[in-house]
Amino acid sequence: MHIDELIALAGRRDTPAPAELPAEIATVLAALAECDAAHDEAQAAIAAAEQARRTLLLDTSSTGVTKLIAANERLAGLRLQLERLAALEPQLVARLRHLEAAQKEAAVERLVETYRSAIAAFAAAMRGALAARANLVRIRGVAVQSGMERLLGVMDLPSEQFPLNGEALATFLAGATSQLAHAIARPRPPELHTVRFLELHPPYRTNECAGFEAAIAWRLVDSGVAVFADPKRRPLRPAVKAEG
């Protein structure tokens, strides 16, 4: 890639479509590698040109002077090339960081949409369970209406029930989806720290993970309810305020 192409690539400020980001990132990484290689090549050429120039300084003939002038021009050109490459590298790095940030945003959006789909699937399954539960009751009603109450003994509903009602489902879905509309604009704050629960801690079950501020995370860990999901990334323990 010619230096003019590298400069044009570094100067771009557009953000490609999410599907095109990996290819664009690869292009910038390749450009950075070429920039580094060209920088090393220019430094080596400058060292060789300076050595040749020192030799020509001792040649006072007209031919030697002509060669010295040419050597000076070549050396100036090489130094200009090196200066351009040095200025180009941080611009390429900035372009790379911009693309990586865009790729992360796209990944966040995909994950949010996946979670939204999972909530929809959960809602559909629960509504199906509600409908199936209602169907059990309906069939029992048909038996009574048909004068076959004696069948209720074999159609008995077990005393061991589990929570299943439409109002509770609606409340759950409203809570689960309330923040999704703003998830892209307001991603989870970086100061949250992930813990894994060792026992039931409503609304979380054993082995489920959740993020909390450092003070709350440490309180859960210290109480034995949870552990840090990644001990290497656990936060600093909050300072304890001295009592006045």
Side-chain angles (χ1 to χ4, degrees), residues 1-115 180-194 211 214 229-236:
M1 189 179 293
H2 193 269
I3 188 170
D4 292 337
E5 295 176 297
L6 294 176
I7 292 173
L9 179 62
R12 289 175 59 181
R13 294 293 179 267
D14 61 305
T15 302
E20 299 169 354
L21 280 168
E24 184 75 3
I25 289 174
T27 298
V28 176
L29 285 172
L32 274 169
E34 289 190 30
C35 184
D36 288 342
H39 190 277
D40 292 343
E41 184 179 341
Q43 282 186 319
I46 287 173
E50 287 177 339
Q51 178 62 38
R53 182 180 180 279
R54 282 193 291 271
T55 301
L56 290 171
L57 284 172
L58 302 178
D59 187 347
T60 58
S61 66
S62 57
T63 301
V65 171
T66 300
K67 288 181 178 181
L68 181 61
I69 293 173
N72 286 337
E73 290 178 351
R74 171 170 167 72
L75 192 55
L78 288 171
R79 285 172 175 163
L80 177 60
Q81 179 85 343
L82 188 65
E83 189 176 357
R84 283 175 173 167
L85 290 169
L88 175 60
E89 184 177 13
Q91 292 188 37
L92 284 171
V93 171
R95 173 67 177 169
L96 180 62
R97 296 292 175 264
H98 170 74
L99 294 172
E100 289 176 339
Q103 187 178 46
K104 187 173 183 178
E105 289 179 7
V108 168
E109 187 172 357
R110 286 195 302 271
L111 189 58
V112 167
E113 289 306 314
T114 300
Y115 188 65
L180 286 180
H182 309 288
I184 305 304
R186 295 189 297 125
R188 191 179 73 176
E191 67 270 17
L192 296 186
H193 306 280
T194 305
D230 184 356
K232 295 180 180 178
R233 299 176 62 185
R234 65 184 182 184
L236 294 175

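- Counting only residues at least two apart or in different chains, salt bridge (charged side-chain N to carboxylate O under 4.0 Å, His left out) contacts with residues 22-35 comprise Arg12-Glu24, Glu24-Arg95.
- Listed by first then second residue, pairs satisfying salt bridge (charged side-chain N to carboxylate O under 4.0 Å, His left out) with a partner in residues 70-91 read Glu50-Arg79, not counting sequence neighbours.
- By the side-chain contact (heavy atoms from CB on, under 4.5 Å) test, Thr15 pairs with His98, Ala102, sequence neighbours left out.
- Under the salt bridge (Lys or Arg N to Asp or Glu O under 4.0 Å) criterion, Glu100 pairs with Arg97, not counting sequence neighbours.
- Across every non-hydrogen atom of Gln103 and Pro22, the tightest pair is NE2-CG, 3.8 Å.
- Scanning for side-chain hydrogen bond (donor to acceptor under 3.5 Å, both in side chains) contacts around Arg54 gives Gln51, with sequence neighbours left out.
- Every side-chain contact (heavy atoms from CB on, under 4.5 Å) that Ala38 has, sequence neighbours left out, goes to Leu85.
- Interatomic distance, CG of Leu9 versus OG1 of Thr27, reported as 7.0 Å (0.5 Å rounding).
- Screening residues 59-70 for salt bridge (charged side-chain N to carboxylate O under 4.0 Å, His left out) gives no qualifying pairs among residues at least two apart or on separate chains.
- Every residue meeting the salt bridge (Lys or Arg N to Asp or Glu O under 4.0 Å) condition with Glu113, not counting sequence neighbours, appears here in chain and number order: Arg116.
- Counting only heavy atoms from C-beta outward, the side chains of Leu21 and Leu99 approach each other to under 4.5 Å.
- Between Leu6 and Ala31 the shortest heavy-atom distance is CD2-CB, 3.5 Å.
- The two residues Ile3 and Leu88 have their closest heavy-atom pair at CG1-CD2, 4.5 Å.
- Here the closest heavy-atom approach between residue Leu29 and residue Leu96 is recorded as CD2-CD2, 3.7 Å.
- Nearest heavy-atom pair, Val65 versus Thr60, reported as atom, atom and distance to 0.1 Å: CG2-O, 4.1 Å.
- For residues 36-46, no residue pair satisfies the salt bridge (charged side-chain N to carboxylate O under 4.0 Å, His left out) rule, not counting sequence neighbours.
- Under the side-chain contact (heavy atoms from CB on, under 4.5 Å) criterion, Leu111 pairs with no residue, sequence neighbours left out.
- Atom NE2 of residue His193 and atom CG of residue Asp230 lie 12.0 Å apart, to the nearest 0.5 angstrom.
- For Leu57, the side-chain contact (heavy atoms from CB on, under 4.5 Å) partners at least two apart in sequence or on another chain are Arg53, Leu68.
- Distance check: Leu32 CG to Leu92 CG gives 4.5 Å after rounding to the nearest 0.5 Å.
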